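Since the structure comes first, as structure tokens, the remarks are kept for the end.
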Amino acid sequence: FFRVEMLVSTYMYARRGLQQHLKSLVSGAAWVNTKAMAHLLDHDNHETRDGLRELGKHPIFIPRYSLPLAAERALALERLKKICDNGLISVFNFGDNPHRIFSVHEMVGMMDGSTATKMTVQFNLFGGTVRKLGTERHKDILDDVDSLRKIGCFALTELGYGNNAVEMETTATYDPDTAEFEINTPTTTAQKYWITNSAVHAQYCVVFARLITKDVDEGVHGFVVQIRQADHSVSPGVKVWDMGHKIGVNGVDNGALWFDKCRVPRAALLDATSQVSADGTFTSKVEKKRNRFLVLADQLLSGRLCIASMCLGSTKMCLTQVIKYSASRLCVGASGKSDTPIMSYQLQQRALMPLVASTYCLNVGLNYAKDRYAAGTANDVEAVILCCIFKTMISWNCEQVATIGRERCGGQGFLSANRFGESMIGAHAGITAEGDNRVLMQKVSKELLGIKAKPASVKRHAVMRKLPYALRRLALGVTGDVRSPPVQTKLLEAREAFLLNELALRLHAAKQKGVPLFETWMHEESDLIQHLAHAYGERVVNAQMLLTIARADDSLKTDLEALRSLYCTSKLETWMGWYLSEGLLTPSAAHEVYAHSQGLCRDLGSRALELVDGFGIPEHMIHAPIAKDWVQYNETDVQGELVSPHERAARPGFAPLPPH
């Protein structure tokens, strides 16, 4: 009887509205202007975003499970075709509206990670590279990217060469007698590996290889290679291995590519910066071989923003589902009955609200990174750093949201239809793709040393390290109320400056002792290098939040400030051991940080539903049963799917998919 009573109570509660129940928990709470908040977070290309929201009504975007591998891949491609048929993305947007590329990635990241991954390879890595590095002779390929009449892939990574791709083994040797390049895979470790779209769907590939002409290795260059013929058979001299089933995103057809004296015409060379004449004479606008590779791999930079955007979309969807379930799942209350939503527990608030805050703040930071990238200022080193740091922070945040959200939703988190697996594995793909996150963090710190470390600052730091903690705090300006924006900002700035100067000081000391830089960097100071990159990113996020709050509509300022403050205090909590050990916080100030964080989690938790509504995700795009009437979902045997077997048989959109 008690179990029946509990189910009926839960069902009736869901019917009368989750939000009304939460409002009753905290009297006098301020409520979020969700429409204005969504507009602020969207930032740009609102019409395109709305077009994708409308497209999300099509039944093809309802998630499906228990599909054979071939059908899962076919579905991802059909979804991408639907997006392309509606004209919602173009490779030419890199020239006229790069923000649009990133906006579409965020929206499609909410829909399906496999579709988003295939899209980012088609439009950014393949199409974007041909557009940037190709010339008029490659226009016929470029014109067919938007329509998917030509599907492409991007073959940079080799089995033995991932992060050190500049040392790759694949060769492209020019033959002046036939005016052709002969592309060859000399060893097993030279096979192109994990190549998205290659196993089944791609007809073309941008292949990176060492250009050899007149017996001279001119470094890595890009070539457009037709890997499949008009009848979709594999081209002569090309071997494609299907990499098969993965731990997730199985709608993506990853493959391994081998080239056995594959002949391509001279025009296959992407020749915007380097050319080979008919007789084999090589010329290039870029003098050094390593720099030629960096120019060629430049599309990885925009790719990092694409991945960050995809992961941000996935994060928003996952958080929305978790918060909605937390507001509707009743558990034991003061009466001993199951009459209290778990979102009202401090345990749930402390786990989830810092993730809501970080997602908001990282969204604002990513908008800034996109602006810097789109500005296209020559030699903007910090734009490069921003592309790197936001890819790492957002993909890590996505993984945290999926993992913690799964845990806080209990057994419901294991059902595929509740989509935690998609977010979790999508995040891991983002953590690895377009540069391993930890390696990118090294790049961030390396670049920061080059543009920010100044001898005078390093000398002052050396003196400051010798000061007693009280004087150190005064010197760094980190005294005062830890709840105030100026003090929080000073604490984040002080950490970044301290770590930057400390790293510069240690590298210099090691050099003075004759220790090679590689030894110090890779074997002695890895922790410090990683921490510096984190500190830089967190400082930038806070700075951009402060600027955004200053410009925001008055109706948003209070919520944005609370989210910013929770983001900062969460970072202070994360690095509390460092702040205490370096004397930048006292034990009593540390207690104030924890108390303030708890208070913010409680206050923001009272309007958690409206905060996730501020992500602007329409109801028809939210498919997870736990985010809806999950009691009703479990009234019938749906076999873990979102549409029952009977409905699937009756609806054309759910006819069996043919293998591609």
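None of the values given here were measured: they were computed from a predicted structure.
Side-chain N or O atoms of Arg539 include none that pairs as donor or acceptor with a backbone N or O of Leu492 at under 3.5 Å. Between the Tyr161 side chain and the Leu156 main chain, no donor and acceptor come within less than 3.5 Å of each other. A side-chain donor-acceptor contact under 3.5 Å links Lys391 to the backbone of Ile431.
By the neighbour-count criterion of 12 heavy atoms within 6.0 Å, atom NZ of Lys452 is densely surrounded, having more than that number from other residues, nucleotides or ligands. Enclosure of atom CG in Asp140 by more than 12 non-hydrogen atoms of other residues, nucleotides or ligands within 6.0 angstrom is indicated.
Taking OG1 of Thr171 as the start and CD1 of Ile212 as the end, the distance is 5.0 Å to the nearest 0.5 Å. Once rounded to the nearest 0.5 Å, the distance linking CD of Gln544 with SG of Cys361 reads 11.5 Å. Atom CD of Glu158 and atom OG1 of Thr185 lie 7.5 Å apart (nearest 0.5 Å). Interatomic distance, Leu499 CG to Gln530 CD, rounded to the nearest 0.5 Å: 12.0 Å. Rounding to the nearest 0.5 angstrom, the gap separating the CZ atom in Phe181 from the CZ atom in Arg263 is 11.5 Å. Between the CD atom in Gln191 and the CD atom in Glu169 there is a gap of 10.5 Å [rounded to 0.5 Å].
Between Leu305 and Pro98, the closest side-chain pair of non-hydrogen atoms is not below 4.5 Å. Within the 4.5 Å cutoff, the side chain of Lys246 has heavy atoms near those of the Val252 side chain. Annotation: side chain of Ser90 is in contact with side chain of Asp146 (closest heavy-atom distance under 4.5 Å). At least one side-chain heavy atom of Thr117 sits less than 4.5 Å from a side-chain heavy atom of Met310. Side-chain contact between Leu125 and Thr120 is absent, with no heavy atoms from C-beta onward closer than 4.5 Å.
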| field | Worked check of side-chain hydrogen bond (donor to acceptor under 3.5 Å, both in side chains) between Ser457 and Arg460 | value | CA-CA 5 Å; Ser457 298; Arg460 284 196 298 272; 3.2 Å; yes

| Which is it for Ser103 and Asp44 under the side-chain hydrogen bond (donor to acceptor under 3.5 Å, both in side chains) test, yes or no, and what are the steps along the way? | CA-CA 8 Å; Ser103 296; Asp44 56 74; 2.7 Å; yes

| request: Just do the side-chain hydrogen bond (donor to acceptor under 3.5 Å, both in side chains) check on Asn397 and Thr359 with the steps written out, would you? | output: CA-CA 7 Å; Asn397 183 63; Thr359 301; 3.1 Å; yes

| request: Take Asp271 and Thr135, measure what side-chain hydrogen bond (donor to acceptor under 3.5 Å, both in side chains) needs, and give me the verdict at the end. | output: CA-CA 7 Å; Asp271 58 346; Thr135 53; 2.7 Å; yes

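Of all heavy-atom pairs spanning Ile389 and Gly537, the tightest one is CG1-CA, 3.8 Å. Across every non-hydrogen atom of Leu257 and Cys205, the tightest pair is CD1-SG, 3.8 Å. Smallest separation of non-hydrogen atoms from Ser423 and Ala402: CB-CB, 3.8 Å. Residues Leu532 and Glu496 come closest through the heavy atom pair CD1-O, 3.7 Å.
Ring geometry, His99 versus His43: the interplanar angle falls from 30° to 60°, so the pair is classed tilted.
Taking the ring centroids of Phe282 and His221, they lie under the 6.0 Å cut-off.
Classification of Asp253 and Lys118 as a salt-bridged pair holds, one side-chain N sitting under 4.0 Å from a carboxylate O. Electrostatic pairing of Glu78 and Lys82 does not count as a salt bridge here, judged by no charged N lying under 4.0 Å from a carboxylate O.
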